[in-house]
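By convention in this document, chain letters (A, B, ...) are assigned in the order of the sequence lines, proteins followed by strands, and residues within each chain are numbered from 1.
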Amino acid sequence: MFSGLESTLRGIIRSAAPIVIAGQGELITERAGVINLALDGTIMLSAMTAHVVARETGSLPQAILAAMLVGAAVVFVVVVSSIGLRLNQVAVGFVLTVLCADLAIFLGKPHFNRPGTEIPTMPIPLLEDIPFFGPVLFRHNLLIYFSLILTLLVWFYIYRTRPGLTLRSIGEQPEAAFVRGTPVNPLRYAYALLGGALVGLAGATYSLSVKLGWKEDLSGEGWIALAIVIFGLWVPSRVALGAYLIVGLRSIAIDLQDSDVIDLPAQIVNMLPWFLMILTLLFATSGALEKVVRFTPDRFKPAVRRFLRAAPPRALGTTFEKH
Amino acid sequence: MQSTRQGWLWNSMRDMLPAILAPFAGIAAALAIIVLILEWQGADPKVAWDYVYEGTLQTSERRADLVSFWMPLAITSFGLVLTYTAGLWNIGVEGQMIMGAIGATWAVRLFAESKNAPLGLDLGRNGVIIMCFILSAITGGLWAWVAAALKVRGKVNEIFGGVALNFIAQTFNMYLVSNGGPWQPTGSRATETARFPDWVRLPTFTDYRRLSPTIIYVTAAAFVVICLIMYVSRWGLQLRAMGKNQRSAFLLGVRTERNVYLAMAGCGALAGLAGSFRVLAPDVVKLSASPSGGVGFLAILVVLLASMSAVLTPFVSFVFAVLSKGGQRLESGFQWDYDLTLDRSLVRVLQSTVVLMVVLAFGARNRFFPPRSAQPVQDEAQIDRT
Amino acid sequence: MLVELQNISKTFGRVRANQDISLKFEGGHIYAILGENGAGKSTLMKIMSGYQSADRGQIVVDGQALDLKAPTDAIAHGIGMLYQDPLDFPPFTILENFIAGRPGGIFPDRAAARQQLAAITERFGFGLDPNRYVDTLTIGERQQLEIVRLLSLNVRVLVLDEPTTGISAEQKTILFNVLKALARDDRMAIILVSHKLEDVIELCDLAYVLRRGRFVGEKTVPCPISELVALMFGKVVERQNRPNVMCGDSVLTVEAVRIAAQRLTVENVSLRVCSSEVIGLAGLDGSGQGEFIRACAGLFPPQSGTIKLNGRSMTRASYHDFSQAGVAFLPAGRMEEGLIKGMTLTEHFALTQRSPRPWINWFEARQITAERIKNFNVKGRPGSPIQTLSGGNQQRFALSLLRQNLKVLLLEHPTRGLDVESANTIWEQLLKRREQGTAIIFISAELDEIVSYSDRILVFFGGRATMVDDPAEMTADRLGELIGGRE
């Protein structure tokens, strides 16, 4: 039905969807200054939830909603314990990721390897008939379409709207945001929950669309999403780029593996996100960035700067208290 | 006179009670959640406990298997006590264990499997086993050293660095033993190395062929060393000071950067030893696809629950080992006797729920019942900051 | 516009930051709030700008009492504050910073904001390109941006907290012209919180002086600088005659060091200290004495120049090398950098003891700690957590931890926040160490302390230092002039 390249690209867009959604969700949470380290477990738990709810009720909207609620609930525990109880976000997030993963395996056991419900594909009329682009971009289901436009939405929201500016400001300098009349902690709750809900949606995308049904091999995907947020240095477009890059390489490696030529690429590709993440962090935190800017000719400085400038939200993982 | 005495009693009770009650409240809450889950699944909690007991403690064979699982968990927790006391979130412990397992396997290949022996040394059984331990401690320690260097030199948070190094270690391990990997026996499709030669296996008890006394000795020695470090040595006090206030510790003369390296490397070495226990265990004797089996993360939970106390870790890790091993019997017991599907992961849910609840309970205690005897005295020096 | 502060009081714990302060600010004038570190001026301004609430007293604007719950309430009533460290968002553009916190719909009207920004910047001659990122700006430009932002919010009273720290001379001129224009043409009330007497004399009409949380008087400016100093520091004791120390072997030799800090550069400072000498570092907060003393401790590597200890070069040495060589440093932030919250006195003692043995004899440690507690007059038990001690006891204990026979002892504000009696016991201990041959270098904001204990005084102003070694010159007038930047 599709030519080789078409089907490869189509597959990449499909399989990258959950990582894109989870990545953008985590990006929103972290931009508000909260680290949700429970990403990995949350994806498993919400994927399992979506699968089970879809099987039991037969209603896809309910399944998706349930998954999103699970995601929001997990991050709610993180935020309450950090803002409310002044606990370490990382400690709570870590315990939660282990807890959620095991809970998913336990609760999902009876539904393990049962056929999953799939979200129906909704080709977009007219557009689907465009040669090449039609099959690649316009013959998917709603969640995949959502993943395609989500990056644009997040980008538009945080860079082009006033609430988006406020979102960036509370993760960057909560003190300054407070002086400008921003209710820092309530907004942190809100955005953390929103991000968590998106992570839940990513889980639903796995079980209802990408890896139909509930399998335990989802473990690790959440950590990759976390790495991609860091690799993307908290910029929506770069996070999406990272997700498509990693998933693209992964699928190429799997193709090579199937052709039984060599196996090495698969392992290298699996290591790649982590090397990229460490290198990016090293680059961003060690001041190497400034050096690059300093050695560029004056004429290109603004352009280079604009391309390279990105750094972790400065208040990431801290709690804000009015003195 | 009497009223002031009572006031004193009341004050100390006010401080003590929440401190004593917090862990119990947390554990009780976690148990309540698990009992609810069991009831909901239609399983009797009492029966569930009986299965766990039966699967781990009832017979001496079971107890031997339990100890064989407990030792790597305990020794990893000892290592983590070092880093967590110093305020270092060594989440990379899982990868350090894997590297230790790889190091031990490497030692076997170098010194025991003749076709791979470039060194051609004949060390004998004990020599090879000692080399296994040494190499695993070195590889695990080096892997932690990398995370420490990323933190100190590159200012990369040890959590992000650790997660990345975990996955790199895991993938490297996969590369070694999976299809066509250099350590996979030719012609095999299983993702593991060949079983190690018979003559390099760890000595076992005569009655319990799956348990080796060697790992017990090594773990016990590690426990003694960690207790000495934490309670007697100057270095342990330095680590504690760093965990509480790294800047003050530095100005009081503690070489904080060097201690970050040392604590991480020490933890990595112990985790590496744990990795070697896992591959050298008499019923394993090979490097598999997942040599750590999640023991590293479990050890993090142990240390969080024991709130970094060196003397508590053996007990907490023992309880966690009982739960982990008991899960298998729990699952099969309900399956056979009651025809009830109850996955063994339930015990892991219990483990992390206990930790979460205890952590939350301590948070609530510090927030709502702060101990008054440890309240800072406010004076003018603090005005500048407010 | 008339803003009145009426009987403002604020306490933190047992310390009174503001006691019953009443001040009046009228539109069309430029006021100065003067006071040394810890005088309570920052607290007062934070109360006025809605950042903190007062325990007692009220703020009245044009006869109407205000209830300020947040900084935005104050801005709504026309009171805007420029914080010392600009509270802005460095990774954002100037335009985004300008828009953040402004009322408006979901989609900010960038064109209108750009226009408004341009209108105000043009009027004052600020060169702010709306597309530039704030982290590429100087502190002075960031201040300009904040002023523009506050003005666009129709602020009628502008409070500036130490605005001239870390900005260039040209930027200072521009800033002062702007402030004068705002007072003259727009009839705004400008309040300058500062301890820079130069600036106050140049710019202000009236100076209110605070000392130790109380309002102690006002002066119409211009007036002689010494009158302001007298108000700020209170009555300075006359220096008692005492024999000059014989400058024996020089222990510490600092030659022409240049230290580049974030806000200021310490230029070309030299100092030779001999054993048993006490050097006081005077100067208004942030004049370079802090960077200098930290450079002498090995905490702040100088860009150029040399530091020698007993003739051995230590210029690039680390803090630990310095302390090995007999230099000890006691920072001002006792609980932040000096001592460790949650650890007991015995644990502190054991931590700081140098010993070749890798283990600790806790029994012995406890015993010696108990001895030290007695000898150094610390009120506390060996097992008490350090944070339960009062400031004076913490400081005495911190001193008792230092080893004997130090070559050089560096102290930041050794008696800040302590009552007179505590301060005296601290100095008794310090002078005892001096008798053993230790050279002492200390920073203090109290001229009294500097004058009565120093053999020589190094006065810092704007990163440059002037040595006062003639006892006859150690008077409040002369030092006040040097501190204020008059040669």
Checklist entry - Rounded to the nearest 0.5 Å, how far does CD of A/Glu172 lie from CZ of C/Phe92? => result 5.5 Å

Item to check | Non-hydrogen atoms of A/Val179 and C/Thr72 that approach each other most closely | outcome: O-CG2, 4.0 Å

Next on the checklist: Shorter than 4.5 Å, heavy atoms on both sides: which option in A/Ser169, A/Gly181, A/Pro163 has the most such pairs with chain C?
Outcome noted: A/Ser169

Checklist entry - Which members of residues 110-118 of chain C, sorted by number, sit under 4.5 angstrom from chain A on a heavy-atom basis? => result C/Arg110

Next on the checklist: Out of C/Gly101, C/Pro71, C/Ser49, return the one with the most heavy atom pairs under 4.5 angstrom to chain A.
Outcome noted: C/Pro71

Item to check | chain A contact via C/Arg149 - which portion, at a heavy-atom distance below 4.5 Å | outcome: side chain

Checklist outcome for this item: On a heavy-atom basis, the closest approach of A/Arg180 and C/Glu146 is NH2-OE2, 3.0 Å

Checklist entry - Side chains of A/Phe178 and C/Leu87: closer than 4.5 Å at any heavy-atom pair? => result no

Item to check | Interface moiety of A/Thr182 toward chain C, non-hydrogen atoms closer than 4.5 Å | outcome: neither

Item to check | Proximity breakdown for C/Asp73 and chain A, heavy-atom pairs closer than 4.5 Å | outcome: neither

Next on the checklist: To the closest 0.5 Å, what do you measure between CZ (A/Arg160) and CD1 (C/Ile106)?
Outcome noted: 16.0 Å

Checklist entry - Does C/Pro91 reach the side chain of A/Arg168, with side-chain heavy atoms less than 4.5 Å apart? => result no

Next on the checklist: Quick check on A/Tyr157 against chain C: is it the side chain, the backbone, both or neither that has a heavy atom closer than 4.5 Å?
Outcome noted: neither

Item to check | Over 12 non-hydrogen atoms of neighbours within 6.0 angstrom of CZ in C/Arg56 | outcome: no

Checklist outcome for this item: Nearest heavy-atom approach of C/Gly105 to A/Arg162 is O-NE, 2.7 Å

